[in-house]
Amino acid sequence: MSATDHRPAAGVLLLCRAEPDRVRPSAQLLGMPLLLAPAGEEWSALVPGENSWRDEGEELSVLTADWAHGLTVAESWPVVGLWWDGAEAGFVVAAAFRRTVSHTWHADGTQPPGAEEAMTALRTRLGLDPVLDGAALDRLTVPDPDIDAPARALGLVAVLARAGLHLAAGLTPGTDAPLLREAAAALPATETVEWPGWREALRTGLDESERGALGAWTRGPKARVRGAAEIAAGVSVALCARRAGRRGWAAAGWALAADGVLTLAYDRWRERM
């Protein structure tokens, strides 16, 4: 902010319970520039730009919930979205197709309804200790006018640190967005994530899926052998079943052959991408 800019400090941190390589494809699909940095063992931090919400004109809490949900809609790992804007702050927790849960800390230390539900969702979806971490989270919901909202967000970060989260210096709730991005950009392992276009996004998603346990059977030499074998076996079954008058077996044979054709076609198509 400039010397004459009196807007309250505002910012967002998206804390993902996954390594950067796993987070990157989902982050690209958000369609906005982000900084992606490692944040401890099996944790990553995403920092959106200030314009990502100033230009949208929506509540920061709503945008944070939308971003967190977008990151996890097709993933198994959860996201904790932290936001702050002046004297207020809050968090959201998203995990796959579960309902995104949010909580806001008010400036006067009061707590809105639903605090217990939000803390329970946070604890269970991140696999936190139900006793030690649960007690620490409960303390963050106790009304106290002497503990401001950014301090409660810092308290939440401290609880997550026991689960492996490690935020570098400068990536601190309460820091204004430009300074937050400046701190993230200064980290040697930070990378910029942007929307690569549909073709590259599709290629990245397919690459990720092909690295799985069954990837060798969907593309490459093993996939070609599998495809050819399915075609040969499927045609043989279909022809024998047709002569025997067994329509069900004939249909199954043609389906197996069709799967083999699709496997070979996919392998060839991927080579040309």
Side-chain angles (χ1 to χ4, degrees), residues 10-40 42-85 88-105 112-128 137 140 149 152-153 156-157 159-160 163 165 167 171 173 177 180-181 184 192-196 198 201-202 204-205 208-209:
V12 174
L13 275 174
L14 299 167
L15 308 176
C16 308
R17 192 74 182 272
E19 298 288 350
D21 285 345
R22 295 181 62 195
V23 173
R24 187 183 303 108
S26 294
Q28 289 176 332
L29 294 177
L30 291 184
M32 63 180 182
L34 294 156
L35 293 180
L36 172 63
E42 296 187 353
W43 282 92
S44 303
L46 285 166
V47 183
E50 182 181 15
N51 292 339
S52 300
W53 69 82
R54 298 288 189 192
D55 294 344
E56 292 284 346
E58 291 190 45
E59 292 289 335
L60 196 51
S61 58
V62 174
L63 287 173
T64 303
D66 288 344
W67 295 334
H69 177 72
L71 287 168
T72 61
V73 68
E75 301 294 344
S76 59
W77 37 265
V79 170
V80 177
L82 283 174
W83 63 270
W84 54 93
D85 189 356
E88 286 198 334
F91 74 87
V92 302
V93 57
F97 289 103
R98 295 182 180 181
R99 182 173 63 89
T100 299
V101 178
S102 62
H103 180 67
T104 299
W105 290 295
E116 182 177 350
E117 177 193 7
M119 293 301 176
T120 299
L122 180 69
R123 178 178 56 78
T124 57
R125 295 179 189 181
L126 271 73
L128 302 177
L137 292 174
L140 297 176
R152 294 179 189 265
L156 177 54
V157 169
V159 175
L160 297 182
L165 177 69
L167 292 178
L171 298 184
L180 198 69
R181 286 183 64 84
T192 300
V193 177
E194 297 187 47
W195 172 242
W198 281 110
L202 177 60
T204 300
E208 287 295 322
S209 66

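Everything quoted here is computed from the prediction, not taken from an experiment.
- Remark: side-chain polar atoms of E42 are not paired, donor with acceptor, to backbone N or O of A18 under 3.5 angstrom.
- Pairs engaging residues 92-103 under the salt bridge (charged side-chain N to carboxylate O under 4.0 Å, His left out) rule: R99-E117 [sequence neighbours left out].
- The distance from the CG atom of L156 to the CE atom of M119 is 6.5 Å, given to the nearest 0.5 Å.
- The nearest pair of heavy atoms linking T192 to L35 is OG1-CD2, 3.6 Å.
- Here the CG atom belonging to L15 is positioned 6.0 Å from the CG atom belonging to L167, to the nearest 0.5 angstrom.
- The shortest non-hydrogen separation linking L13 to L171 is CD1-O, 4.0 Å.
- A donor-acceptor contact shorter than 3.5 Å links the side chain of R181 to the backbone of V47.
- Put simply, CG on L128 and CG on L160 are 6.5 Å apart, with the number rounded to the nearest 0.5 Å.
- In this structure, L165 CG and S44 OG are separated by 10.0 Å, a value rounded to the nearest 0.5 Å.
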Between L71 and L46, is a side chain to side chain contact (heavy atoms under 4.5 Å, CB included) present by the stated rule, with each step listed? CA-CA 10 Å; L71 287 168; L46 285 166; 3.7 Å; yes
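- The two atoms that bring A27 and L34 nearest to each other are O-CD1, 3.7 Å, heavy atoms only.
- When all heavy atoms of S61 and V92 are compared, the pair lying nearest together is O-CG1, 4.3 Å.
- When all heavy atoms of P20 and L36 are compared, the closest pair comes out as O-CD2, 3.7 Å.
- The OG atom of S76 sits 5.0 Å away from atom CZ of R22, with the distance rounded to the nearest 0.5 Å.
- W105 pairs by the ring-ring contact (aromatic ring centres under 6.0 Å, His included) definition with F91, H103, not counting sequence neighbours.
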- Trace of the side chain to side chain contact (heavy atoms under 4.5 Å, CB included) decision for V62 with W83: CA-CA 10 Å; V62 174; W83 63 270; over 6 Å; no
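- Counting only distance, with no hydrogens or angles, the side chain of R152 and the backbone of L140 share a donor-acceptor pair below 3.5 Å.
- Minimum interatomic distance between A121 and V101 (heavy atoms only, all atoms of both residues): CB-CG2, 3.9 Å.
- How far CG of L126 is from CG of L137: 9.5 Å, rounded to the nearest 0.5 Å.
- Using modelled atom types, no side-chain atom of W77 and backbone atom of V23 make a donor-acceptor pair closer than 3.5 Å.
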Next item on the list: Decide yes or no on side chain to side chain contact (heavy atoms under 4.5 Å, CB included) for W67 and V12, but give the supporting numbers first.
Entry: CA-CA 10 Å; W67 295 334; V12 174; 4.2 Å; yes
| request: Given side chain to side chain contact (heavy atoms under 4.5 Å, CB included), test T64 with L82 step by step and report yes or no. | output: CA-CA 7 Å; T64 303; L82 283 174; over 6 Å; no
